[in-house]
Amino acid sequence: MREPAATVSNGAALAAFMAAAVGAFTLGVVVILNEAGLLTMPAAYAPAGGVSGRTTAAVVTWLLSWVVLHRRWSGREIEGRRIRALTYALITLGVVLNLPPVWKLL
């Protein structure tokens, strides 16, 4: 007699994907705000200049969102369709906001 298949939770994996998307979007927003002159991030590493501060802010946001989402979603079965769509949208926006032609629209 066969044992029933065990359900595998996907919450931890989806938390990692969503956190990466939040980090990418954060970087795009910080870059746009910097280029518009609304936000200046201090340099985290002087030889690299301001880009080190902007990327550090994105990494900190990514890590914090990963911790929060992992704690909330770990061990749960989550419908992945909406999370994947939101992840793709946030990553796409983050990449687009990092493009110099978009900066010039400001």
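Sequential numbering from 1 along the given sequence is applied to the chain's residues. Reckoned from all heavy atoms, side chains included, excluding hydrogens, waters and symmetry mates.
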Please say yes or no: joined through hydrophobic side-chain contacts below 4.5 Å, possibly via intermediate residues, are Leu93 and Val96 part of one cluster? yes
Rounded at 0.5 Å granularity, tell me how far CG in Leu86 sits from CG in Leu90. 4.5 Å
If hydrophobic clusters are built by linking Ile, Leu, Val, Met, Phe, Trp and Tyr wherever their side-chain heavy atoms come under 4.5 Å apart, do Trp103 and Val30 end up in the same one? yes
Value rounded to 0.5 Å, distance of CG in Leu97 from CZ in Phe25: 6.5 Å
What pair of heavy atoms forms the shortest contact from Ser9 to Gly75, and how long is it? CB-C, 3.5 Å
Does atom CH2 of Trp66 have more than 12 heavy-atom neighbours, drawn from other residues, nucleotides or ligands, at distances under 6.0 Å? no
Applying side chain to side chain contact (heavy atoms under 4.5 Å, CB included), run through His70 and Val67 and close with a yes or a no. CA-CA 5 Å; His70 182 77; Val67 167; 6.0 Å; no
What distance separates Leu33 CG from Arg54 CZ, expressed to the nearest 0.5 Å? 11.0 Å
Calculate, to the nearest 0.5 Å, the distance between atoms CG and CZ belonging to Leu14 and Arg82 respectively. 11.5 Å
Which heavy atom of Gly23 sits nearest a heavy atom of Ala58, and at what distance? O-CB, 3.7 Å
Grouping I, L, V, M, F, W and Y whenever their side-chain heavy atoms are under 4.5 Å apart, do Leu64 and Met18 come out in a common cluster? no
Under 4.5 Å between any side-chain heavy atoms of Trp73 and Ile83, yes or no? yes
For a side chain to side chain contact (heavy atoms under 4.5 Å, CB included) check, start with the C-alpha distance between Tyr45 and Thr56, then their side-chain angles and the critical distance, and finish with the verdict. CA-CA 10 Å; Tyr45 178 66; Thr56 299; over 6 Å; no
Considering the options Leu39, Val102, Asn98, Val51, which one meets the side-chain contact (heavy atoms from CB on, under 4.5 Å) requirement together with Val31? Asn98
Between Phe17 and Ile91, is there a shared hydrophobic cluster once you connect ILVMFWY residues whose side-chain heavy atoms come closer than 4.5 Å? no
How far does CG of Leu27 sit from CG of Asn34, to the nearest 0.5 angstrom? 10.5 Å
Give, for atom CD of Glu35 and atom CG of Leu105, the distance between the pair rounded to the nearest 0.5 Å. 12.0 Å
I want to check something: taking the side chain as every heavy atom from C-beta on, are Trp62 and Val22 in contact at a cut-off of under 4.5 Å? no
Side chain of Ser52, backbone of Ala48: donor and acceptor closer than 3.5 Å? no
